[in-house]
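One structure is given here, and the rest of the page talks about it.
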Amino acid sequence: MSIHSSTQHSLELAESSVKYWEYNPEGKHAIVMIHGFRGDHHGLEYIARSLPAYRILIPDLPGFGASSAFDTLTHDISGYTVFVRGFLAALKLTEPPVLLGHSFGSIVAAKYAALHPKTISKLVLINPIAAPPLSGPKAALSKLTSLYYWLGNALPARAGEALLKNKGIVLAMSAVLAKTKDKELRKRIHGNHLAYFSSFANRKVVLESFQASIAKTVTEHSKNIITPTLLIAGDLDDIAPPTQQAELQSKLPDARLIMLTGVGHLVHYEAPEKAAAAIAEFIG
């Protein structure tokens, strides 16, 4: 994979001090990318670096990575939708960008597209959450994860934060999500999760966003999304399985679905070049 440098920028919005990264500033069209739960811009930069013809802008969502938590907004889908609105306005782009969201970010992007269709040109949803994870094939694991986050918030501050940042648990989560058999790639994925999965502002941020991630879906906004939409999914995804992706596509007025084989919920790590190729073809 060719490596392209990025530039870090800062924005002072009403609710948060936001850090975002820009790739390919001379690119022909802007793509704004929204990362998933407990992530930051690092995960999506593999796709960004595979799209050298486009200007890419990736913020750390408020409360994660280098961005401060909200002052009064809740760190849920509604709060982050308000953030995206303010972020796009502050960028002062000359034309509506493509909006891309991965996993939790797909729900944020979908709600934003439903509310503000004229402010974006196209919508890309990677591993979109089409149904609540608690109802999927890994429902038991999802319920165990819910208990983990509940304990992380219920315990005294130091113990709770230590639990949420426990490297053994983070590695276990990473091992479940990674489907690749490439040892070097698995090592890189685990390393990235260890490095960035615990860069959250506080336990409140994590609990609020986790509760939203298991309660909200892209599907609830599908009938109101008129923007041309690209769905990119993995055939081994346990959190957002293929059958749910096909159903989601059928509910969107204007959508195409790309199903990548041998890939799970980490398309942005396991198949960034394939995802980038699909995005470039979709944008045109």
Side-chain angles (χ1 to χ4, degrees), residues 13-16 18 20 29-37 39 44 57-59 61-63 70 73-91 93 95-136 208-233 237 239-241 243-258 265 267-268 275 278-279 282-283:
L13 300 181
E15 283 280 341
S16 175
V18 175
Y20 70 96
H29 193 80
I31 306 175
V32 175
M33 300 184 173
I34 308 300
H35 64 74
F37 172 65
L44 289 172
L57 302 140
I58 314 177
L61 288 177
F70 287 137
L73 290 174
T74 303
H75 300 84
D76 59 7
I77 305 304
S78 294
Y80 286 128
T81 302
V82 172
F83 159 73
V84 173
R85 179 65 166 153
F87 180 69
L88 293 186
L91 290 176
L93 300 173
E95 60 181 7
V98 173
L99 182 62
L100 179 152
H102 169 254
S103 190
F104 177 77
S106 74
I107 313 174
V108 176
K111 181 168 184 175
Y112 182 87
L115 292 175
H116 309 290
K118 293 183 179 180
T119 66
I120 59 174
S121 60
K122 292 188 177 182
L123 179 66
V124 179
L125 305 178
I126 300 178
N127 298 117
I129 306 299
L134 291 176
S135 65
E208 288 178 348
S209 53
F210 174 73
Q211 289 175 334
S213 75
I214 61 173
K216 301 296 182 180
T217 69
V218 170
T219 303
E220 63 190 86
H221 305 292
S222 57
K223 67 179 181 180
N224 296 318
I225 296 176
I226 61 174
T227 307
T229 303
L230 174 65
L231 308 175
I232 303 177
D237 193 339
I239 297 175
T243 53
Q244 294 178 0
Q245 302 305 314
E247 186 175 350
L248 172 61
Q249 181 192 16
S250 70
K251 293 180 179 180
L252 288 161
D254 183 4
R256 68 180 70 172
L257 171 62
I258 302 294
H265 199 65
V267 164
H268 55 313
I279 292 167
F282 175 63
I283 296 174

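Note that the numbering runs from 1 along the sequence shown for the chain.
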Would a 4.5 Å heavy-atom cut-off, applied to side chains only, mark [X] and [Y] as touching?
| X | Y | result |
| --- | --- | --- |
| Phe70 | Val82 | no |
| Pro132 | Ile214 | no |
| Ser222 | Leu248 | yes |
| Lys111 | Leu115 | yes |
| Glu208 | Asp76 | no |

Check the pair Val124 / Ile31 against side chain to side chain contact (heavy atoms under 4.5 Å, CB included), numbers first and verdict last. CA-CA 10 Å; Val124 179; Ile31 306 175; over 6 Å; no
Do Ser209 and Tyr80 pair up side chain to side chain, a donor and an acceptor below 3.5 Å, judged on atom types alone? no
Looking only at heavy atoms, what is the nearest atom pair of [X] and [Y], with distance?
| X | Y | answer |
| --- | --- | --- |
| Ala90 | Leu13 | CB-CD2, 3.9 Å |
| Pro96 | Lys118 | CG-O, 4.0 Å |
| Val18 | Pro62 | CG2-CG, 4.5 Å |
| Pro253 | Ile225 | CD-O, 3.1 Å |
| Pro228 | Phe282 | O-CZ, 3.4 Å |
| Tyr20 | Pro59 | CB-CA, 3.5 Å |

Indicate the ring-plane relationship of Phe37 and Phe210, choosing parallel, tilted or perpendicular according to the 30° and 60° boundaries. tilted
Interatomic distance, [X] atom [atom1] to [Y] atom [atom2] [nearest 0.5 angstrom]:
| X | Y | atom1 | atom2 | value |
| --- | --- | --- | --- | --- |
| Leu257 | Glu247 | CG | CD | 12.5 Å |
| His221 | Thr81 | NE2 | OG1 | 7.0 Å |
| Asn127 | Leu231 | CG | CG | 10.5 Å |
| Gln244 | Thr219 | CD | OG1 | 7.5 Å |
| Ile232 | His102 | CD1 | NE2 | 10.5 Å |
| Ile120 | Thr227 | CD1 | OG1 | 4.0 Å |

Could you walk me through whether Ser103 and His265 pass side chain to side chain contact (heavy atoms under 4.5 Å, CB included), step by step? CA-CA 8 Å; Ser103 190; His265 199 65; 2.7 Å; yes
Take Thr119 and Tyr112 through the test side chain to side chain contact (heavy atoms under 4.5 Å, CB included) and record every step on the way to the result. CA-CA 9 Å; Thr119 66; Tyr112 182 87; 2.7 Å; yes
Ala130 backbone acceptor or donor facing Gln245 side chain under 3.5 Å: no
With no hydrogens and no angle check, is any side-chain donor or acceptor of Ser106 less than 3.5 Å from a backbone partner on Ile126? no
Please check if the number of heavy atoms outside Lys216 that lie under 6.0 Å from its NZ is greater than 12. no
Can you spot which of Leu230, Ile34, Ile279 makes a side chain to side chain contact (heavy atoms under 4.5 Å, CB included) with Leu100? Ile279
